[in-house]
Colleague: 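Next up is a structure, given as structure tokens.
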Amino acid sequence: MILKLPKKSKDDVVNIVLDTISMKKQALVFVASKISAESTAELIAKSLQSNEELNEISEKILHALPKPTSQCEKLAKCIKQGVAFHHSGLVAEQRELIEDSFRTNLVKIICCTPTLAYGLDLPAFRTVIKTMKRFGNHGMQYIPVLEYQQMAGRSGRPKYDSYGEAIIISNPEDKEYLIENYIQGESENIYSKLAVEPVLRTYVLSLIASNFVSTKENLLEFFKKTFWAYQFEDMGKIEYLLDSVLGLLEGFGFIDIKEEGIFHSADEEISFKATELGQRVAQLYIDPLTADKLIKAMNIADEKETTDFSYLQLISATLELRPLFRTGKKDYEDIQEKFLSEEQNLVDEIPNSYDYEYDDFLNSVKTADVFERWINETDEETLFAKYSVRPGELKAKLNYADWLFYCIEELSKILSLKKVLKESTRLRIRLEYGVKEELLALLAVKHIGRMRARTLYTNGIKTLNDLRKADLAKLEKLIGKQTALKVKSQFEGKEEKTELNLNDY
DNA sequence: GGACGGTGAAACTTCAGGTTGCCTC
DNA sequence: GAAGTTTCACCGTCC
């Protein structure tokens, strides 16, 4: 089908999008990077009128964080014209606002990275794919057919339209290739991910810990029925892989293996049972390799002088936290310096600077550095401007960090590592709120978070007692009338005991 | 004559994403 | 590979 478009702009995407809007329809524009999502949205917004109905949503988006960042401002401005960008750098609340207002047909166009390619049911009539290439391990590469199909499948959802259109933007010379491979081509085969090492380790341990399997025969029997075995066929190789996982888990002290029966005979039966530690690791649902890494480092940390950074770097070096924040050209020297200044405090293994792992290690230092700045109350805008970490990406990483610190707490209880337990508990709270140690007391009060606690503290209200004694008028001035009342009420009557005996920091 | 500022071209950098645990106003 | 960002040379203006 030939699409005739008025050439209102030099840019093809803008023309398609304007045409879509003139049909009273909506479109999703898929692009290859976050920056591109933003600039494309801004470019489209220039060609559109602002709509007053969107002011409220724009305001909400602007104030999704305690203090608007430049990203918030950019998005809020685009939204007024009915255009949004959508990627992992946005905070969940902003993403939901965009999705909801797209559903109610207020936002007409969303420029997005593949965040929106999977699972969402949105009323897009058109999907526009700005480029079919994306940066990969070997330079720019064509995306998988499956991914193209996912993106194309976002348009013309049954609930909203009887059909949809997917439009690929390309150079004339690539046209043949794209039609042949994507539109007429077949999608790639799907392969089982069960054999991926972290997955295999986690599942074998959890099968044993939950007593689902207790002998090697059971275990083989179980895996024989999986899609992995069906696809892989070679049971000998599978048995070999499982054996090595079992050996690893035993070495970690997460399972006990018993061999019974006539020695070296075919009747020999191998049975296993999870240890107490193994049980807990399975419940915590982390990669056993990570658990082992944490435990080893925790034992070191319990014995020596540690800093916040010791722990922050440790969790940043786990598989769970990947992909890490990357050390760019801009901050390479700072990160290197940070590493040298904290080197003696680290509890993680340090690779040689000529090892191939070294880059990754530096990234763990960068990630830990960002965490450390966060708990020292650096605001989101600074983290973005100086370290290229967007609010949404930070939130996502903090969520994993919280989980890992929870694991450290639980494991240190079992291992009776009191020092580690105490330090990790505090760090976990500081990460959650993004505050310095001195604000912890005030955070025990409801309706007091990062910003308000800091305001109170700098104005001389530093403890719960200060807060209790504080003059209501002064409080109102600092944190607003409503909040001040809510805070004060927590010090009255019976609420006092239940709410405020939490922490005596 | 020198400092400053604006401009544009060249050089340089960087580049998607998500599930698991637990709890709670 | 493409696009955003930084750097730098060049030129004009002002003091």
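Proteins come first, then strands; the chains are lettered A, B, ... in the order of their sequence lines, and each starts at number 1.
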Colleague: Which parts of residues 316-324 of chain A get close to DNA chain B, meaning a heavy atom less than 4.0 angstrom away?
Modeller: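 Contacts with DNA chain B under 4.0 Å: A/Arg322, A/Pro323.
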Colleague: What nucleotide, of B/dC25, B/dC15, B/dG17, holds the atom closest to the side chain of A/Phe135?
Modeller: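 Comparing B/dC25, B/dC15, B/dG17 against the side chain of A/Phe135, the answer is B/dC15.
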Colleague: Could you tell me if the ring centre of A/Tyr148 sits under 6.0 Å from that of A/Tyr142?
Modeller: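 No, the ring of A/Tyr148 stays outside the 6.0 Å limit from the ring of A/Tyr142, centre to centre.
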Colleague: What does A/His447 touch in the nucleic acid at a heavy-atom separation under 4.0 angstrom: a base, only the sugar-phosphate, or nothing?
Modeller: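 No contact.
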Colleague: With heavy atoms under 4.0 Å as the rule, sort A/Gly136 into base, sugar-phosphate or nothing.
Modeller: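 It contacts nothing in the nucleic acid.
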Colleague: Going 5' to 3' along DNA chain C, between which two nucleotides do contacts with chain A fall, using a heavy-atom cut-off of 4.0 Å?
Modeller: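 From 5' to 3', the first and last contacting nucleotides are C/dG1 to C/dG4.
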Colleague: Classify the angle between the aromatic ring planes of A/Tyr311 and A/Phe405 as parallel (below 30°), tilted (30 to 60°) or perpendicular (above 60°).
Modeller: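 The rings of A/Tyr311 and A/Phe405 sit tilted, inter-plane angle from 30° to 60°.
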Colleague: Please classify the nucleic acid contact of A/Glu147 as base, sugar-phosphate, or nothing, using heavy-atom distances under 4.0 Å.
Modeller: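 The residue A/Glu147 makes base contact.
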Colleague: Could you say whether A/Lys330 or A/Asn171 is positioned toward the 5' end of DNA chain C, judged by the nucleotide with the nearest heavy atom to each?
Modeller: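 Residue closer to the 5' terminus by nearest nucleotide: A/Asn171.
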Colleague: Between B/dT20 and A/Tyr285, is there a base-stacking contact, meaning the centre of the base's six-membered ring lies under 5.5 Å from the residue's ring centre while the planes stay under 30° apart?
Modeller: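 A stacking contact does not exist, since A/Tyr285 is not both close and nearly parallel to the base ring of B/dT20.
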Colleague: Using a 4.0 Å heavy-atom cut-off, does A/Ser39 contact any base of the nucleic acid, only the sugar-phosphate backbone, or nothing at all?
Modeller: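 Touches sugar-phosphate only.
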Colleague: Provide the Watson-Crick or G-U wobble partner of B/dA16, both distances under 3.5 Å; none if there is no partner.
Modeller: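 Checking every strand shown, B/dA16 finds no partner, since no pair has both distances under 3.5 Å.
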